[in-house]
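As structure tokens, the structure follows; a few thoughts come after it.
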There are 2 protein chains.
Amino acid sequence: MATLFLIVLVGKIIAQDKIEKWDVFELTLKGPATGNPFMGTELLARFTNGDKVYEQEGYYDGNGIYKIRFMPDKEGTWSYVTTSNKKELNNSKGNFECTPAATNNHGPVRVKATYHFQYEDGTPYWPFGTTIYEWPFQDSATKKQTIETMAASAFNKARFLAVPPYKDRYITGPLTITTFPFEGTNRDNWDFSRFNPAYFKNLDSCVAELRRIGVEADMILFRPYDKGKWGFDMMGQEVNKRFTRYMVARYAAYRNIWWSMCNENSFIRNMTDEDWDELFKLVQEKDPYHHLRSIHNADRIYDYAKPWVTHVSLQYYNVVKAPWGTPLLRDLYKKPIVNDEINYEGDIESRWGQLSGEEMTYRFWNAYIGGGYATHGETYKSSPWISYGGKLIGTSPARIAFLRKIVESGPKGGLEPIDQYWETNMAGKAGEYYLVYFGKDKPAKWDFVLPKRDLTNGAKFKVDIIDTWNMTITPVDKEFEIIPMPDNRYKFIEKNKASIKLPAKQYLALRIYKTADGTKVANDGRHELE
Amino acid sequence: MATLFLIVLVGKIIAQDKIEKWDVFELTLKGPATGNPFMGTELLARFTNGDKVYEQEGYYDGNGIYKIRFMPDKEGTWSYVTTSNKKELNNSKGNFECTPAATNNHGPVRVKATYHFQYEDGTPYWPFGTTIYEWPFQDSATKKQTIETMAASAFNKARFLAVPPYKDRYITGPLTITTFPFEGTNRDNWDFSRFNPAYFKNLDSCVAELRRIGVEADMILFRPYDKGKWGFDMMGQEVNKRFTRYMVARYAAYRNIWWSMCNENSFIRNMTDEDWDELFKLVQEKDPYHHLRSIHNADRIYDYAKPWVTHVSLQYYNVVKAPWGTPLLRDLYKKPIVNDEINYEGDIESRWGQLSGEEMTYRFWNAYIGGGYATHGETYKSSPWISYGGKLIGTSPARIAFLRKIVESGPKGGLEPIDQYWETNMAGKAGEYYLVYFGKDKPAKWDFVLPKRDLTNGAKFKVDIIDTWNMTITPVDKEFEIIPMPDNRYKFIEKNKASIKLPAKQYLALRIYKTADGTKVANDGRHELE
């Protein structure tokens, strides 16, 4: 017993007494620095609070320091004990208090109701993502600016690379990397058995900064884009697995982490879908908190139906060229659809970076009206946001913020297609709330007709006319009472066949919401496909 | 030996001496009629011709008659020997001559180059399907009329039910069924252990008639639509399997058979996807010739990626509302996409049967421009083609025939998307042949610009202007010479920036074909997704 006690004192250096729910409890242990501590050290801690038990792996952080990061998800006293094949790290014990989450801390994001998301505390989360692939590898001023820009924007998810491309893949410009994930200075002398803690300490602070401002860190573990220069896309599966395990040990305790296994994975031509399966399963096994997991496809589309994929992180631009693309994918995958690459607003020579703000906004609306989500990015020559972060200069972010406000003021359960095989430009909550999006049409009027699902005879509605580009919401000064449409088994119509006058321009929408219930009408029991 | 010889003489009643390649060789055996010959009789024959060996199951056809139908796929002498657990049927031997196929006989249809089809003799097969769900159960005159109509049309695939709905599922009208697949007269007295040979003899002749006129029989084994009346949609999986096995034994030797496991399968609420997997695997195991296999979905979409599914037989109307829907499904499934239900041309009250001829034609063009296929149907109150067959009165069949001629005169490999993430309304063969479809747009001109893939500097092209609705093809009296487009890494342009004047109306297309090669231009090696 005396010996054991001594080991505990030696092993543990620092640990918090108290930590907010879903924050990072960090246990720091002193251990051997000799040999190669990265290799062959098994270290984990078992954390217990009543019936809650988690096992969290630790990692080596250099200079004889080992860390175990843990995300408590229950208030009260947690106790822990370490297990290691190294004597100094084994059987370190302790406990800490988990206090209530602060008001801006809602826990990790989970899948909700098949197609949507919510925070663990039940708060709805509607992703409005953006793309800042190489932001962690910029100078401090740029990183600070990126965080300030993000905090002032509507974006609440950031896609970025955990390892930068050899040279800027996206927009030509200076990118000087001097710190690498492995020991060494170039591909002739990497030591893939030794991680470089300094590199990851920077990433730590990036993930933590995003968490501080309430942004989900959709962190991409692997990427192509080495063009044979660094070789981080051809390390072999053993090193891929070691890297994945290290990343999970290091970042799983950040509540805002989402695991994106790879960007444009099929462009890493030497890796098969079976390799990705293996890495997915490793993350699934090692992450005690089961953060969201996906992968971002290129030409060969990974099968997002596989059980370890929590949501679809798609690159397929055409899907958002009409609002019915996303519902099709919902039906095929039965998972949330995040259109994570729909081209970028910008003016570069590559055609994937030439969207107008109008087109980006249009694609966003199509994604959300389709019951899914989308991710923004900017590729202006003068401000390469998708590469470096910095500042946003495009015209779509304000409109995306406008859309977010509309979505947030809509149904708690998110926007759902209402009659998706027939009324492709309508989403909301049947019987209660409808968003009708006219896209590039220029309607001069809209006849008040709704699909019958969950409608009641005599129900009343109010309508707002939304100009999605000019960001105006104009209430229509009238209440609309509906009746079943004569000679039509699918529709309800305003009792006096009312129409709504519209300004005959592009990018209009209607918001229609119930103000009074009517009387239920017998359903003829037919399937929607009929 | 003497005993054996005797059995052979007793067992075999009739068999052809000579049969055309891919026709049905039918071996008729006399066996026991006592007990229940449908149950517990194992009978198969092994057919051998050099290194070709097939095992084909037989079936009981009533009155002590057992049959084995075989489709030889190699010319020359085939020998066979039967195996059975019934002495009278066991060890029947013989041989026959397989002669060359007649000119209108190209063998069964196979998948070709991932997304397309061809006959086994290498002749391309582009499906232009139609739908005649209940045609086998009509009177002789109507069946004859259906065959005459089909033979005079462009349709070369027919979707129909092997078991009719209890009452007309599609269009109200008289349907009197007195012969059923099982012994009995109604659901109170079905004997699911005994098939009714008379019922299947009618189906035999229907499949054979379609084969005679060169139409693929896309025969649907199961269907919902019983509404509790006959109970053929709730026979239980043991009977489902017996029925499937009987159908395969009976129809696999017809070269024009395609197996469609079910229509709108998820509407049979008591059957799971695992049940369908099992039936698929049974067909796969029992059909020696591996005819095409699919299933036609309703609201829950069966996973067409499963290995026993040869092609996608989809019901998802929205997919053909733009030409990019089908390429998306090609990318997801890596199989031929047959949009087998895209609503029907007609005037019934159900909205799935209200397409105009223009809209049906438009959806067809979208499917083929997307590198896939589509299936027609007509639902006019005055002529319920999709139910009974009979005659076609719609306006789309002539336009579909026109499209078929265009497709058949195009690239042998079928229409392929050329730059699918960007030029969504173009298909053909890169560098050689382009169909550009303008759908509902009303272009007054088209600038001669093509995506660079496989183009050469100085190549020359001719152009036809196609009016897909009025079925006219108007050659443009000019040859177009192309150069790489200045300041654009993706395009070639006519050297003098030529445009083509168009009549500013809907449903136009261009056919652009190479008349002279140019000089290869260095490719910058970028991925198409870029």
Side-chain angles (χ1 to χ4, degrees), chain A residues 169-170 224 227 264 266-267 269 297-306 312 314-334 341-343 348-354 370 417 419-424 451 487-491 525-530, chain B residues 169-170 224 227 264 266-267 269 297-306 312 314-334 341-343 348-354 370 417 419-424 451 487-491 525-530:
Chain A
R169 170 65 170 65
Y170 296 101
K227 305 197 176 178
E264 298 193 309
S266 60
F267 287 164
R269 297 294 185 198
N297 67 283
D299 51 353
R300 184 184 80 235
I301 301 176
Y302 185 83
D303 181 6
Y304 291 106
K306 287 180 174 173
V312 177
L314 194 73
Q315 174 175 205
Y316 207 101
Y317 327 135
N318 290 342
V319 167
V320 290
K321 289 181 183 169
W324 54 259
T326 298
L328 169 62
L329 294 175
R330 286 169 39 122
D331 286 348
L332 294 178
Y333 289 121
K334 300 286 177 194
E341 197 172 341
I342 58 175
N343 299 151
I348 58 172
E349 279 171 35
S350 294
R351 57 185 175 179
W352 46 263
Q354 298 176 345
D419 191 17
Q420 71 182 75
Y421 307 119
W422 308 94
E423 302 289 333
T424 59
D487 300 322
N488 187 307
R489 64 169 71 147
Y490 304 107
K491 308 281 187 186
R526 285 170 189 269
H527 294 294
E528 272 188 69
L529 276 176
E530 289 186 296
Chain B
R169 170 67 171 62
Y170 295 101
K227 306 201 174 175
E264 299 193 308
S266 60
F267 286 165
R269 298 295 186 199
N297 67 283
D299 50 353
R300 183 185 82 237
I301 300 176
Y302 186 83
D303 181 6
Y304 291 107
K306 288 180 175 173
V312 176
L314 194 73
Q315 174 175 208
Y316 207 102
Y317 326 135
N318 291 341
V319 167
V320 289
K321 289 181 183 169
W324 54 260
T326 298
L328 168 62
L329 294 176
R330 286 169 40 121
D331 286 348
L332 294 179
Y333 289 121
K334 301 285 178 196
E341 197 173 341
I342 59 176
N343 297 151
I348 59 172
E349 279 170 33
S350 294
R351 58 185 174 178
W352 48 262
Q354 299 176 345
D419 191 17
Q420 70 183 76
Y421 307 120
W422 309 93
E423 302 289 335
T424 59
D487 300 322
N488 186 308
R489 64 169 72 147
Y490 304 108
K491 308 283 188 185
R526 286 170 190 268
H527 293 293
E528 272 188 69
L529 276 175
E530 288 186 299

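When reading the values below, keep in mind they use all heavy atoms of this one structure, side chains included, and skip hydrogens, waters and symmetry mates. Below, chain A is the first sequence line, B the second, and so on; all start at residue 1. Keep in mind that this is a model prediction, so the values were computed, not measured.
Rounding to the nearest 0.5 angstrom, the gap separating the NZ atom in A:Lys334 from the CZ atom in B:Arg300 is 9.0 Å. Here CG of B:Asn297 is found 9.0 Å from CG of A:Leu332. Values are rounded to the nearest 0.5 Å. Considering CG of B:Asn488 and CD of A:Glu349, their distance stands at 9.5 Å, rounded to 0.5 Å.
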Less than 3.5 Å apart, which donor and acceptor atoms pair up between the side chains of residues 321-329 of chain A and the rest of the protein, not counting sequence neighbours?
| from | atom 1 | to | atom 2 | distance (Å) |
| --- | --- | --- | --- | --- |
| A:Lys321 | NZ | A:Asn318 | OD1 | 2.7 |
| A:Lys321 | NZ | B:Tyr421 | O | 3.2 |
| A:Thr326 | OG1 | A:Asn339 | ND2 | 3.2 |

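Annotation: side-chain hydrogen bond (donor to acceptor under 3.5 Å, both in side chains) contacts of A:Ser266 (sequence neighbours excluded): A:Asp299.
Scanning all heavy atoms of the two residues, the minimum distance from B:Tyr490 to A:Arg351 falls at OH-N, 2.9 Å.
Residues A:Thr424 and B:Tyr317 are not in side-chain contact: their nearest non-hydrogen atoms beyond the backbone lie 4.5 Å or more apart.
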